[in-house]
Amino acid sequence: MNEQAPEMPTDSPPSGFLWGAATSSYQIEGSPLADGAGPSIWHRFAHTPGRVLNGDTGDIACDHYRRWREDVTLMASLGLNAYRFSVAWGRILPEGTGRVNQPGLDFYRHLVDALLEQGIEPMLTLYHWDLPEALDARGGWASDASPGWFADYARILYRALGDRVRLWITLNEPWVITAGGYLFGDLAPGHRSQSETPIVAHNLLRAHAAALASGRAEGIERIGLAVNLEPQYPASPLADDIAATARRDAFINRWFLDPVFFGRYPAEMEAIFGTAWPEYSASELDALRAPPDFIGVNYYSRSVVRADPTEQPVGARRVRQDARPHTAMDWEVYPQGLTHILAWIQGRYGNPPVYITENGAAFDDPPPVAGRLHDRQRVAYLRSHLRAASRALRRGVDLRGYFAWSLLDNFEWSYGYAKRFGLVRVDPVDRQRLIKDSGRFYRDAIRRYEGRA
Ligand SMILES: OC[C@@H]1[C@@H](O)[C@H](O)[C@@H](O)c2[nH]c(CCc3ccccc3)c[n+]21
C-alpha cells in the first residue's frame with residue numbers, strides 16, 4: 001500500500017468545504033516590536049526566566065513577519081483553499097487602545113490580499129492570547145473595561161479588512177486563556193488565582209458578545225468562537241467517577257458554550273469554584289447570550305476521568321491510557337473523540353455550522369533525509385482524524401471545514417520550540433521550510449476528497 005495514499009472514504013465533503021491550516025501571531029511571526037508594534041504579555045512572559053522551556057521566545061519564531069510571501073506560496077503548493085491566522089493586537093494598537101499603528105494594519109492587509117490572490121480563504125482570529133502588555137498593566141482580562149477594549153480593537157479590524165475577510169473568530173479558546181493564564185498559571189500572564197478566574201471568564205464572554213455586536217454593526221456576517229473541546233469519559237461506573245466526569249465536562253466543554261448559546265453557566269461551576277463563584281443577576285447572564293455564526297472546534301484528544309479530591313478545583317483527574325498511542329504532548333491519540341464531540345455539539349446546540357479550526361499532533365520528528373521528512377505518526381494521526389470527521393459528516397453534522405494545526409513547526413507556548421506540530425518543518429537555525437510527508441499526505445487527501453486525484 002502506498003504510504004501516502006490517504007485510504008479514506010472518498011465520500012466527497014459538502015461543496016465549498018474548506019481545507020486549511022492554522023497558526024497564530026505570537027507563535028509564528030517573530031519581530032514582536034517591529035514597525036511600531038507594542039509588546040504583548042507573551043513577549044514579557046517568554047522573556048521572564050523560567051517561564052518557557054530552554055528560555056525560548058517568539059523574538060524570531062518562524063520569521064513569518066518577513067517571510068509571509070514565501071509562506072503563502074507554500075500554502076498554495078499544499079493545495080490549501082483556506083488559512084486560519086491571528087492578528088497581534090499590539091501591532092494594531094501598540095497601547096491596546098487609542099492610536100492605530102498603520103504599518104501593523106498594512107502587514108495584515110498585504111497578507112490577506114496575497115491569500116486571496118492564491119484563492120485561499122482567510123479566517124481571521126482576533127485574539128489568540130497575545131494581549132498588549134499596556135492593557136495587562138491596566139488589569140488585563142480581569143478588568144471590567146476589557147470587553148470595551150476588545151470591541152474597539154475588533155471594530156478597527158472589521159473596518160480595515162471586512163471587505164475582504166469573510167470568516168472571523170473573536171477569541172481562541174477562552175478556557176485556555178482563563179485556566180492557563182489565571183488559574184494554573186502556565187500561560188501568560190501567569191496568575192494563579194481561584195477568585196480572579198471566574199471574573200476573567202465572565203469578561204471574556206462579555207468581550208465575545210461585544211465583538212459580535214460591533215461586527216454586526218459593521219455588517220460582518222460570519223463571526224465564530226473557537227473553543228478547545230475534549231470529550232470526557234468516566235474511568236469506571238462508580239458514582240464518584242461519573243460525577244467527577246460531569247464536573248470536568250462542565251469545566252472544559254460547557255463553561256463557555258452554554259452561556260453564549262443559553263445565557264446561563266453550567267450548574268457544576270458553583271460546585272467547582274465554591275465561594276469564589278460570583279453571584280450573577282439574570283440580566284448579567286442574559287447579556288452573555290451571543291450565539292456565534294459558527295463554532296470553531298479545536299480537537300486534539302479525550303480524557304478518561306477519575307474522581308480525585310487532591311486535584312483542585314475540579315476534584316477530578318485524567319487517567320493515562322497506557323495501552324494506547326500518545327503524542328509528544330502525552331495526549332492520547334483518540335480519533336473517535338472527534339466524531340463524538342462533533343455529534344455532541346450537533347445535539348446540544350442545535351446543529352450550528354462548525355469548522356474544525358485546529359486538529360493535529362506533536363511527535364518527535366526524525367531528521368530530514370535527502371530532502372524528505374518521514375513523519376509517519378503524524379500521517380497516521382491526520383488520516384485517522386480525517387476519517388473521524390468524515391463519519392461526523394455522514395451523521396449530518398454541519399461541518400464546513402478542517403484546519404490542520406499547524407502549517408509550520410512553531411513556538412509551542414511554555415514548551416518553546418521543543419514540540420513540533422507542523423505539516424512543514426522549520427529549521428531551528430536558518431528557518432528554512434521543508435514540507436514533511438504529512439504535508440504531502442494532506443495535499444493528496446485534499447485532492448482525493450475534492451475528486452481531483
Ligand atoms: O498545543 C497545540 C495548540 C497550540 O499551539 C495552539 O496555539 C492552541 O490554540 C491549542 N489549543 C490546544 C488544545 C487545548 C490546550 C491548550 C494548551 C494546553 C493543553 C490543551 C492545542 N493547541
Answer yes or no: is there an ion pair linking [X] with [Y], defined by an N-O contact shorter than 4.0 Å?
X: R324; Y: E332; answer: yes
X: R400; Y: D398; answer: yes
X: E29; Y: R91; answer: yes
X: D375; Y: R425; answer: no
X: D308; Y: R306; answer: no
X: R376; Y: D437; answer: no
X: D365; Y: R378; answer: yes
X: E221; Y: R166; answer: no
X: R248; Y: E230; answer: yes

Under 6.0 Å between the ring centres of [X] and [Y]?
X: F273; Y: W255; value: yes
X: Y349; Y: F262; value: yes
X: Y182; Y: W141; value: no
X: W405; Y: Y300; value: no
X: Y233; Y: Y334; value: yes
X: H202; Y: Y280; value: yes

Going by the rule side-chain hydrogen bond (donor to acceptor under 3.5 Å, both in side chains), which residues pair with Y417 if we only count those two or more places apart in sequence or in a different chain?
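With neighbours one apart ignored, the set is empty.
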Residues that D240 engages under salt bridge (Lys or Arg N to Asp or Glu O under 4.0 Å), provided they are two or more places apart
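With sequence neighbours excluded, D240 shows a salt bridge (Lys or Arg N to Asp or Glu O under 4.0 Å) to no residue whatsoever.
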Take D152 and T97, measure what side-chain contact (heavy atoms from CB on, under 4.5 Å) needs, and give me the verdict at the end.
CA-CA 8 Å; D152 292 345; T97 60; 5.8 Å; no
Please identify each residue that fulfils ring pair (Phe, Tyr, Trp, His ring centres under 6.0 Å) with W89, with sequence neighbours left out.
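W89: ring pair (Phe, Tyr, Trp, His ring centres under 6.0 Å) contacts with F150, Y153.
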If you look at every heavy atom in W19 and P13, which pair is closest and at what distance?
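For W19 versus P13, the nearest heavy atoms are CZ2-CG, 4.0 Å.
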If you compare all heavy atoms of A226 against all heavy atoms of T357, which two are closest, and at what distance to 0.1 Å?
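Nearest pair, atom of A226 first, then T357: CB-OG1, 4.1 Å.
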Donor + acceptor pair across side chains of T23, S406 (<3.5 Å)
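No, no side-chain donor-acceptor contact under 3.5 Å.
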Report yes if the side chains of [X] and [Y] come closer than 4.5 Å at any heavy-atom pair, otherwise no.
X: M123; Y: I169; result: yes
X: S24; Y: W42; result: no
X: R84; Y: E358; result: yes
X: K419; Y: M329; result: yes

Which of these, Y402, Y355, Y449, sits in a side-chain contact (heavy atoms from CB on, under 4.5 Å) with F17?
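Only match with F17 under side-chain contact (heavy atoms from CB on, under 4.5 Å): Y402.
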Please check this pair: side chain of T197 against backbone of S193, looking for a donor-acceptor N/O pair closer than 3.5 Å.
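Yes; at least one donor-acceptor contact below 3.5 Å.
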